[in-house]
Number of protein chains: 2
Amino acid sequence: MEISKAFGNVLKKHRKLAGLSQEQLALQCDLDRTYIGLLERAQRQPSITTLFSICEVLKIKPHELIKEVEKLYGI
Amino acid sequence: MEISKAFGNVLKKHRKLAGLSQEQLALQCDLDRTYIGLLERAQRQPSITTLFSICEVLKIKPHELIKEVEKLYGI
DNA sequence: ATGTAGACTCGCGTCGACG
DNA sequence: GCGTCGACGCGAGTCTACA
């Protein structure tokens, strides 16, 4: 699986686990609602600061999330 | 420490560990030489695909590198 | 082998609006 | 609550060139 799609899947999974809507997540990590949607649908890729601020809200360490992305990506 | 600076430090450290010059690294991961320099000096931040392709060349898992960035960043 | 600078393309990230 | 669209500013990433 390509990397942005892997990230989108992992993001969606952890957002649901946190019990947040795209809007709530966007609000808390100071991003746009539509942009979270774009990330989950793999139409945008985050920079690493964006990654860190999302992970902070999701209460997960960035490297944990990246590890899951690696698995889906296949390395 | 801010996040792009943390990344720059970690990148430089692992590039040296791999025994590569900025030019050699850039060539192998299909990026520009000047851009690697910009990353190390924290004047640019990588997207996550850029992160993955750099890590592949450095023979390190992205989540390992991210873990070190977290430490420097302080979380 | 690296730092810097200018100019360029394209994608990130925002915003308003509609279904 | 989400997908999508158009438009926008700005930053990612490239290229050339000079020190």
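In what follows, every chain begins at residue 1, and chains take the letters A, B, ... in the order their sequences are listed. Keep in mind the model is a prediction, meaning the values are calculated, not measured.
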Measure the distance from [atom1] on [X] to [atom2] on [N] and round it to the nearest whole Å.
X       : N      : atom1 : atom2 : result
A:Gln24 : D:dC2  : CD    : P     : 8 Å
B:Glu40 : C:dT4  : CD    : P     : 12 Å
B:Ile48 : D:dA12 : CD1   : P     : 15 Å
B:Asp32 : C:dA1  : CG    : C1'   : 14 Å
A:Gln43 : C:dC12 : CD    : P     : 10 Å
B:Leu31 : D:dC15 : CG    : P     : 10 Å
B:Lys16 : C:dT2  : NZ    : C1'   : 9 Å
A:Gln45 : C:dG11 : CD    : C1'   : 9 Å

*Looking only at side chains, do A:Glu68 and B:His63 share a donor and an acceptor under 3.5 Å apart?*
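Side chains of A:Glu68 and B:His63: no pair found under 3.5 Å.
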Considering just the side-chain nitrogens and oxygens of [X], establish if one lies under 4.0 Å of OP1 or OP2 belonging to [N].
X       : N     : value
B:Gln22 : C:dG3 : yes
B:Arg15 : C:dT2 : yes
A:Arg41 : D:dG3 : yes

*Under 3.5 Å, is there a donor-acceptor pair between the side chain of A:Arg33 and the main chain of A:Glu23?*
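A pair under 3.5 Å: no.
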*Side chain A:Arg41, main chain A:Gly37, donor-acceptor under 3.5 Å*: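 Judged by distance alone, yes, a pair lies under 3.5 Å.
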*Between A:Leu39 and B:Arg44, just flag the one whose closest nucleotide in DNA chain C comes earlier from the 5' side.*
B:Arg44
*Of B:Gly37 and B:Ser47, the one whose closest DNA chain C nucleotide lies more 5'*: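 First, find each residue's nearest nucleotide; the 5'-ward one identifies B:Gly37.
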*Can you tell me the pairing partner of D:dG1 across any strand shown, Watson-Crick or G-U wobble, with both distances under 3.5 angstrom?*
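Base-paired to nothing in any strand shown.
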*Which part of the nucleic acid, if any, lies within reach of B:Thr34 when heavy atoms closer than 4.0 Å are counted: base, sugar-phosphate only, or nothing?*
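Base contact.
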*Indicate, with a heavy-atom threshold strictly under 4.0 Å, whether B:Leu38 touches base, sugar-phosphate, or nothing.*
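Counting heavy atoms under 4.0 Å across all strands, no contact is made by B:Leu38.
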*Would you check if B:Glu70 and A:Pro62 make a side-chain contact, meaning some heavy-atom pair closer than 4.5 Å?*
yes
*With a 3.5 Å cut-off and just heavy-atom distances, do the side chain of A:Arg33 and the base of D:dG3 make a donor-acceptor pair?*
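Check passes, donor-acceptor contact within cut-off.
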*If you measure from OG1 on B:Thr49 to CZ on A:Phe7, what distance do you get to the nearest 0.5 Å?*
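These two atoms lie 12.0 Å from each other.
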